[in-house]
> 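Submitted below is the structure of interest, expressed as structure tokens.
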Amino acid sequence: MNQNNSSQEASQQDPLFPHRQGLGLSEQELHRRQALNQLRALGIDPYPSAAFHRTHSTQDIHRDFKDVEVDSWSSVSLAGRLMSRRIMGKASFAELQDSTGRLQVYINRDELCPGDNKDLYNEVFKKHCDIGDWVGVRGRIFRTQVGEISIHVEEFVFLSKALRPLPVVKRDEQGRVYDGFTDPELRYRMRYVDLVVNPEVRQVFMLRSRMIELMRQFFNRHGYLEVETPVLQPMYGGASARPFKTHHHTLDMPLYLRIANELYLKRLIVGGFEGVYEFARDFRNEGMSRFHNPEFTMLELYVAFQDYHWMMHQTEALLEEMAVALHQQTALKVGPHTIDFKAPYRRVTLYDSISEKVGVQVDDLDETALRQLAQKYRIETDVSMGRAKLLDALFGELVEPNLIQPTFVTDYPVEMSPLAKVHRDKPGLVERFELICNGKELANAFSELNDPLDQRDRFEAQLALGLRGDPEAMMLDEDFLRALEFGMPPTAGIGIGIDRLAMMMTNSASIQDVLFFPQMRPERHDG
RNA sequence: GAUUCCGUAGCUCAGCAGGUAGAGCAAUACACUUUUAAUGUAUGGGUCCUGGGUUCGAAUCCCAGCGGAAUCACCA
């Protein structure tokens with residue numbers, strides 16, 4: 001009986017798509033494949049190679065012909081994806097979408113097909129053309145009775161046939177959305193579809209791109225050099241995090257995907273560059289959340305002969321300029337808050353920020369007193385936590401979430417900052433700031449440690465932590481120490497979380513909304 | 001990693017006192033030469049996430065798994 005079944009299948013097999021047999025296509029997919037066959041039967045190539053010459057984008061037409069008189073309107077050609085069709089017998093309206101927007105086109109049977117053969121309208125357009133297809137049109141611009149700028153189509157060509165149906169999202173005059181494509185999983189897994197049907201998604205990524213471009217212009221204007229440093233590193237460093245580990249076959253050695261590029265950029269400062277920056281893709285093998293993706297982008301910048309005070313000025317200047325360039329104002333709506341990026345930002349020391357909150361000056365409290373304070377606020381502690389970790393916990397629980405407006409928190413305990421220079425006049429602290437905004441860390445910066453002997457001591461302290469079981473303790477990087485021993489000028493450095501900044505600049509609630517392809521579990525394909 | 005919620009047509013969703021499925025849009029057919037969430041008439045379309053269990057009978061109840069979302073914990 002199996003033989004019967006298979007011969008039956010073979011006889012039903014579509015000769016044009018033998019490899020597609022038995023794939024469980026939906027009715028609509030089958031229909032589109034049939035349309036593809038029909039187009040070829042009519043001598044139309046559904047995937048032509050020839051370039052299509054466009055005279056205008058949809059945006060060009062909306063802009064250029066907004067106030068122009070009818071009789072002066074000219075012939076144009078444009079291309080786009082067919083997003084809707086309204087067929088009314090011998091005439092139809094359709095909407096074309098290109099990268100700049102949408103434009104309505106009007107297709108009249110007898111104008112598209114002046115001769116006796118009406119196939120191009122009746123067959124090709126009405127029957128074998130579907131929402132999602134890429135088409136090119138040429139025709140005259142006109143305004144409909146309701147006043148909408150449209151194209152009178154005189155030529156119509158297929159550019160690419162879509163075999164899967166696109167979710168049809170409709171909007172009424174008030175902009176209300178009907179039948180939206182909203183399932184977050186589907187949107188992230190099929191970002192290409194999300195981008196086609198949800199125009200606000202395109203806006204977010206265009207803003208992100210402009211944001212990075214603005215930063216690049218800002219840094220270049222100051223004379224800093226954009227550089228590239230290794231992603232595959234024999235030794236990871238520059239941050240406290242668990243790395244991804246991989247292996248190089250020829251060298252037969254382990255390699256790590258970078259968790260930061262700090263130590264490489266400082267080597268370049270040793271080498272004599274006076275300002276270097278890199279938009280670095282970093283990788284951290286840690287939890288995922290609304291704020292964390294395993295790979296993310298960090299801007300790191302190092303400038304010789306400067307310190308962390310200067311870096312605060314530079315940072316607030318950058319962010320103010322960015323807000324104005326992107327949104328024409330410094331005050332931005334972010335979730336329920338309005339955040340004002342106008343410089344200057346508040347500066348407060350780590351100690352003062354905690355002291356304000358708890359009503360006790362914490363500067364001179366010892367470990368026992370800090371632990372009691374933490375317990376008073378029901379903050380979990382454990383015996384392995386030293387003074388620095390306790391301060392960090394107090395800050396993270398009590399202060400950070402409440403810092404909505406941009407705030408520089410300065411002067412951290414030396415144990416928490418193995419790459420930062422000791423404070424010029426506060427023993428036990430380093431010259432470091434974090435920029436906190438909307439309750440989250442947005443940037444982290446120091447006067448960079450350039451004393452090679454101190455740096456060696458700090459690394460050794462990290463090694464000791466590692467031996468006690470801290471998985472995030474840094475490795476001792478001999479080559480980096482060698483570089484410092486050749487002499488690094490005083491340097492200010494900063495790391496800015498680009499994804500989080502993008503979330504803020506685009507008012508996005510999740511990091512997945514500012515990454516084209518956020519990390520997800522593999523999709524299950526049954527069978 | 002913990003907790004809560006979710007998974008039904010291409011899309012958005014309803015259905016759940018247990019009786020093997022519905023709507024709108026999309027699709028198909030017909031009508032319609034300035035519509036715009038076009039309209040009218042008709043039609044087709046579903047492993048109800050997967051696998052077990054209870055039951056005469058499961059989309060619905062129970063268990064396990066897979067996937068997703070939200071909240072919480074650590075890192076940016």
Side-chain angles (χ1 to χ4, degrees), chain A residues 24-32 34-35 83-95 102 104-112 121 126-127 130-132 142-148 150 152 162-189 193 197 239-243 259-260 280 282-300 379-380 392-393 396-397 434-435 440-444 471-472 495-501 503 509-512 520-524 526-527:
Chain A
L25 297 175
S26 70
E27 181 190 39
Q28 295 194 40
E29 289 173 295
L30 286 169
H31 170 256
R32 283 166 183 249
Q34 282 158 13
M83 295 304 286
S84 72
R85 285 197 305 170
R86 293 179 287 277
I87 298 175
M88 294 162 300
K90 299 178 184 64
S92 300
F93 287 93
E95 281 178 294
R102 285 193 190 189
Q104 176 170 271
V105 298
Y106 173 72
I107 304 184
N108 181 303
R109 186 194 68 181
D110 296 325
E111 289 177 358
L112 183 65
Y121 182 77
K126 279 173 71 174
K127 290 191 173 163
D130 291 293
I131 287 174
F142 75 113
R143 200 185 288 277
T144 64
Q145 288 181 345
V146 208
E148 179 160 344
S150 308
H152 234 110
L163 294 184
R164 288 175 185 260
L166 213 52
V168 178
V169 180
K170 299 196 171 190
R171 285 174 176 76
D172 66 15
E173 282 180 17
Q174 282 79 43
R176 283 189 297 250
V177 174
Y178 298 81
D179 304 305
F181 181 60
T182 55
D183 183 321
E185 176 177 3
L186 291 176
R187 289 182 48 210
Y188 298 145
R189 287 200 192 281
V193 175
V197 303
S240 299
R242 284 177 58 194
I259 57 173
D282 291 342
F283 305 83
R284 298 188 183 176
N285 206 341
E286 296 174 336
M288 288 166 61
S289 76
R290 188 154 82 82
F291 296 99
H292 299 91
N293 195 66
E295 57 182 290
F296 64 100
T297 304
M298 175 120 81
L299 174 279
E300 292 205 36
I379 296 166
E380 276 187 41
D392 195 36
E397 287 291 325
E434 290 194 355
L435 174 60
K440 283 277 168 192
E441 180 187 339
L442 200 60
N444 182 20
E472 296 183 342
I496 300 177
I498 292 299
D499 309 288
R500 289 196 180 168
L501 185 58
M503 286 169 67
S510 164
I511 196 169
Q512 293 171 305
M520 299 187 78
R521 286 198 166 75
E523 198 171 353
R524 231 180 69 211
D526 292 328

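The structure presented is a predicted model; accordingly, all values stated were derived computationally and were not measured. Protein chains get the first letters and strands the later ones, always in sequence-line order, with residue 1 at the start of each.
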> Of the listed nucleotides (U33(B), U35(B), C11(B)), which one gets closest to any side-chain atom of Glu148(A)?
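Nearest listed nucleotide: U35(B).
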
> Regarding Arg521(A), tell me which of base, sugar-phosphate or nothing describes its non-hydrogen contacts under 4.0 Å with the strands shown.
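Since only primed, P, OP1 and OP2 atoms lie under 4.0 Å of Arg521(A), the category is sugar-phosphate.
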
> Quote, to the nearest angstrom, the C1' distance that separates A21(B) from A37(B).
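To the nearest whole Å, 27 Å.
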
> For Gln512(A), answer base if it contacts any base atom (sugar-phosphate contacts may also be present), sugar-phosphate if it contacts only those atoms, and nothing otherwise; contact means non-hydrogen atoms under 4.0 Å.
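Sugar-phosphate only.
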
> Picking from U36(B), U71(B), A26(B), which would you name as closest to the side chain of Ile131(A)?
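Selected nucleotide: A26(B).
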
> Distance-only, no hydrogens or angles: does the Arg32(A) side chain make a donor-acceptor pair with backbone N or O of Ala162(A) under 3.5 Å?
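Yes; at least one donor-acceptor contact below 3.5 Å.
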
> Starting at the 5' end of RNA chain B, which residue's closest nucleotide do you reach first, Asn444(A) or Met520(A)?
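Checking each residue's closest nucleotide, the 5'-ward one belongs to Met520(A).
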
> Taking the same atom, P, in U60(B) and in C72(B), what whole-Å distance lies between them?
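About 33 Å, rounded to a whole number of Å.
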
> Given C11(B), U34(B), U71(B), which nucleotide is nearest the side-chain atoms of Arg290(A)?
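Taking heavy atoms from C-beta onward, the closest nucleotide is U71(B).
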
> Any side-chain heavy atom of Arg143(A) within less than 4.5 Å of one from Glu148(A)?
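Counting from C-beta outward, Arg143(A) and Glu148(A) never come under 4.5 Å.
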
> Please name the nucleotide paired to C61(B) by Watson-Crick or G-U wobble geometry with both distances under 3.5 Å, or report none.
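Pairing partner, where one exists within any strand: G53(B).
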
> Please work out if Arg86(A) contacts a base, only the sugar-phosphate, or nothing of the nucleic acid, heavy-atom cut-off 4.0 Å.
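Arg86(A): base contact, heavy atoms under 4.0 Å.
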
> Write down the distance between CZ (Phe93(A)) and C1' (C32(B)), rounded to a whole number of angstrom.
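It is 13 Å, rounded to the nearest whole Å.
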
> Measure from the side chain of His152(A), starting at C-beta and using heavy atoms only, and say which of A69(B), U34(B), A37(B) lies closest.
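For the His152(A) side chain, the nearest candidate turns out to be U34(B).
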
> Does Glu185(A) contact G67(B) through a side-chain donor or acceptor facing the base, at a distance under 3.5 Å?
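No, the side chain and the base share no sub-3.5 Å donor-acceptor pair.
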
> Is there side-chain contact between Ile87(A) and Lys126(A), with at least one heavy-atom pair below 4.5 Å?
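A side-chain contact under 4.5 Å exists here.
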
> Nearest to the side chain of Val168(A), which nucleotide is it out of A26(B), G44(B), U36(B)?
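When the side chain of Val168(A) is considered, A26(B) is the closest of A26(B), G44(B), U36(B).
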
> Which part of the nucleic acid does Arg32(A) contact within heavy-atom distance under 4.0 Å: base, sugar-phosphate only, or nothing?
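If one applies the 4.0 Å heavy-atom cut-off, Arg32(A) turns out to touch nothing in the nucleic acid.
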
> Can you tell me the distance, in whole Å, between the CD1 atom of Ile87(A) and the C1' atom of A27(B)?
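It is 12 Å, rounded to the nearest whole Å.
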
> Roughly how many Å is it from CZ in Arg102(A) to P in U36(B), rounded to a whole number?
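Distance, rounded to whole Å: 16 Å.
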
> Quick one: Leu299(A) CG to A76(B) C1', roughly how many Å, whole number?
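Distance check: Leu299(A) CG to A76(B) C1' gives 13 Å.
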
> Between Lys170(A) and U12(B), is there a side-chain N or O to OP1/OP2 distance below 4.0 Å?
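No, no such contact exists.
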
> Rounding to an integer number of angstrom, what distance separates G19(B) and C62(B) when you compare their P atoms?
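Going atom to atom, P in each nucleotide, I get 15 Å.
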
> Going by heavy atoms in the side chains, are Phe283(A) and Ile259(A) under 4.5 Å from each other?
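Side chain of Phe283(A) against side chain of Ile259(A), heavy atoms only: no contact under 4.5 Å found.
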
> When only distance counts, do a donor and an acceptor, one from the side chain of Gln28(A) and one from the base of A26(B), lie under 3.5 Å apart?
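Yes, a donor-acceptor pair under 3.5 Å.
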
> Taking the side chain of Asp179(A) as its heavy atoms from C-beta onward, which of C25(B), U36(B), A76(B) lies nearest to it?
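Given the options C25(B), U36(B), A76(B), the side chain of Asp179(A) is closest to C25(B).
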
> So Ile498(A), base contact, sugar-phosphate only, or nothing? Heavy-atom distance under 4.0 Å.
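Here Ile498(A) touches no strand at all.
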
> Glu29(A) near the nucleic acid: base, sugar-phosphate alone, or nothing, with a heavy-atom cut-off under 4.0 Å?
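Answer is nothing: Glu29(A) stays at 4.0 Å or more from every strand.
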
> Over how many whole Å does the gap from Arg85(A) atom CZ to U39(B) atom P extend?
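For the pair Arg85(A) CZ and U39(B) P, the rounded distance is 15 Å.
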
> Under 5.5 Å between ring centres and under 30° between planes: does that hold for Phe291(A) against the base of A76(B)?
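Base of A76(B): not stacked against Phe291(A).
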
> Please report the distance separating the C1' of U20(B) from the corresponding atom of A59(B), rounded so that it comes out in whole Å.
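It works out to 9 Å between them.
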
> Which part of the nucleic acid, if any, lies within contact of Ser240(A), taking any heavy atom under 4.0 Å across all strands shown: a base, the sugar-phosphate backbone alone, or nothing?
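The answer is sugar-phosphate, as Ser240(A) gets under 4.0 Å only of primed atoms, P, OP1 or OP2.
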
> When the P atoms of G45(B) and G53(B) are considered, how many whole Å apart are they?
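The answer is 31 Å between these two P atoms.
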
> Please tell me which of the listed nucleotides, C11(B), U28(B), U33(B), lies nearest to the side chain of Asn108(A)?
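Nearest listed nucleotide: U33(B).
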
> Taking only the side-chain nitrogens and oxygens of His31(A), find out if one of them lies under 4.0 Å from OP1 or OP2 of U28(B).
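So the side chain of His31(A) is within the cut-off, an N or O lying under 4.0 Å from OP1 or OP2 of U28(B).
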
> Could you tell me whether Glu29(A) and Arg164(A) have a side-chain N and a carboxylate O separated by less than 4.0 Å?
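Here Glu29(A) pairs with Arg164(A) in a salt bridge, since their nearest N and O are under 4.0 Å apart.
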
> State whether the side chain of Glu286(A) and the backbone N or O of Arg242(A) hold a donor-acceptor pair below 3.5 Å, judged by distance alone.
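Such a contact is found between Glu286(A) side chain and Arg242(A) backbone.
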
> I'd like to know if Thr182(A) reaches the base of U12(B) with its side chain, counting only an N/O donor and acceptor under 3.5 Å.
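When only heavy-atom distances are counted, Thr182(A) does not reach the base of U12(B) through any donor-acceptor pair under 3.5 Å.
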
> Rounding to the closest angstrom, what is the interatomic distance between U3(B) and C63(B) at atom P?
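Taking atom P in both U3(B) and C63(B), they lie 14 Å apart.
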
> Would you mind telling me which residue lines up with the more 5' stretch of RNA chain B, Lys90(A) or Ser84(A), judged by nearest nucleotide?
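Result of the comparison: Lys90(A).
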
> Are Tyr106(A) and Ser92(A) close enough that a side-chain donor and a side-chain acceptor fall under 3.5 Å?
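Per modelled atom types, Tyr106(A) and Ser92(A) side chains form no pair under 3.5 Å.
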
> What is the nucleic acid contact for Asp110(A), judged by heavy atoms within less than 4.0 Å: base, sugar-phosphate only, or nothing?
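Contact class for Asp110(A): base.
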
> How many whole angstroms separate atom CD of Glu27(A) from atom P of A27(B)?
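From Glu27(A) CD to A27(B) P: 11 Å.
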
> CE of Met288(A) versus P of A70(B): gap in Å, rounded?
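It works out to 11 Å between those atoms.
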
> Should C25(B) form a Watson-Crick or G-U wobble pair with both distances under 3.5 Å, which nucleotide is its partner?
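G10(B) - that is the nucleotide pairing with C25(B), both distances being under 3.5 Å.
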
> Give one of base, sugar-phosphate or nothing for Glu95(A), where a contact means two heavy atoms less than 4.0 Å apart.
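Contact class for Glu95(A): none.
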
> Could you identify the nucleotide paired to C30(B), looking across every strand shown and requiring Watson-Crick or G-U wobble geometry with both distances under 3.5 Å?
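For C30(B), the partner nucleotide comes out as G40(B), under the 3.5 Å rule.
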
> Of the candidate nucleotides U34(B), U36(B), G10(B), which contains the atom at the shortest distance from the side chain of Met88(A)?
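Among the listed nucleotides, the one closest to the side chain of Met88(A) is U34(B).
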
> Base, sugar-phosphate, or nothing for Glu441(A), non-hydrogen atoms under 4.0 angstrom?
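If one applies the 4.0 Å heavy-atom cut-off, Glu441(A) turns out to touch the sugar-phosphate alone, with no base involved.
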
> Over how many whole Å does the gap from Lys126(A) atom NZ to A29(B) atom C1' extend?
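In whole Å, A29(B) C1' lies 11 Å from Lys126(A) NZ.
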
> For C49(B) versus C66(B), give the span between their C1' atoms, rounded off to a whole number of Å.
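Taking atom C1' in both C49(B) and C66(B), they lie 8 Å apart.
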
> Is there a Watson-Crick or G-U wobble partner for U71(B) with both distances under 3.5 Å, and if so, which one is it?
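Its partner is A2(B) (Watson-Crick or G-U wobble, both distances under 3.5 Å).
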
> Which nucleotide, if any, forms a Watson-Crick or G-U wobble pair with U35(B), using both distances under 3.5 Å?
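Checking every strand shown, U35(B) finds no partner, since no pair has both distances under 3.5 Å.
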
> The side chain of Lys127(A) is closest to which nucleotide in this list: A29(B), G44(B), G10(B)?
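Per side-chain heavy atoms of Lys127(A), the pick is A29(B).
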
> At under 4.0 Å between heavy atoms, what does Val146(A) touch on the DNA or RNA strands: base, sugar-phosphate, or nothing?
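The answer is base, as Val146(A) lies within the cut-off (heavy atoms under 4.0 Å) of a base atom.
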
> For the pair Asn293(A) (side chain) and Phe296(A) (backbone), establish whether a donor and an acceptor sit closer than 3.5 Å, ignoring hydrogens and angles.
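Looks like no, no N/O pair under 3.5 Å.
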
> What contact category does Gly89(A) fall into here, base, sugar-phosphate, or nothing, at under 4.0 angstrom with non-hydrogen atoms?
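Base, at least one base atom sits under 4.0 Å.
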
> Go through the steps to decide whether Arg102(A) and Glu95(A) satisfy the test salt bridge (Lys or Arg N to Asp or Glu O under 4.0 Å), and finish with yes or no.
CA-CA 6 Å; Arg102(A) 285 193 190 189; Glu95(A) 281 178 294; 3.7 Å; yes

> Describe the nucleic acid contact of Arg176(A) in one word from base, sugar-phosphate, nothing, applying a heavy-atom distance below 4.0 Å.
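It contacts nothing in the nucleic acid.
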
> Using a 3.5 Å distance criterion without hydrogens, assess whether the side chain of Arg290(A) forms a donor-acceptor pair with backbone atoms of Ala509(A).
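Indeed, once roles are kept as given, a pair shorter than 3.5 Å links the two residues.
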
> Identify the nucleotide, in any strand shown, that forms a Watson-Crick or G-U wobble pair with C48(B), with both distances under 3.5 Å; if there is none, say none.
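Across all strands, not a single nucleotide pairs with C48(B).
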
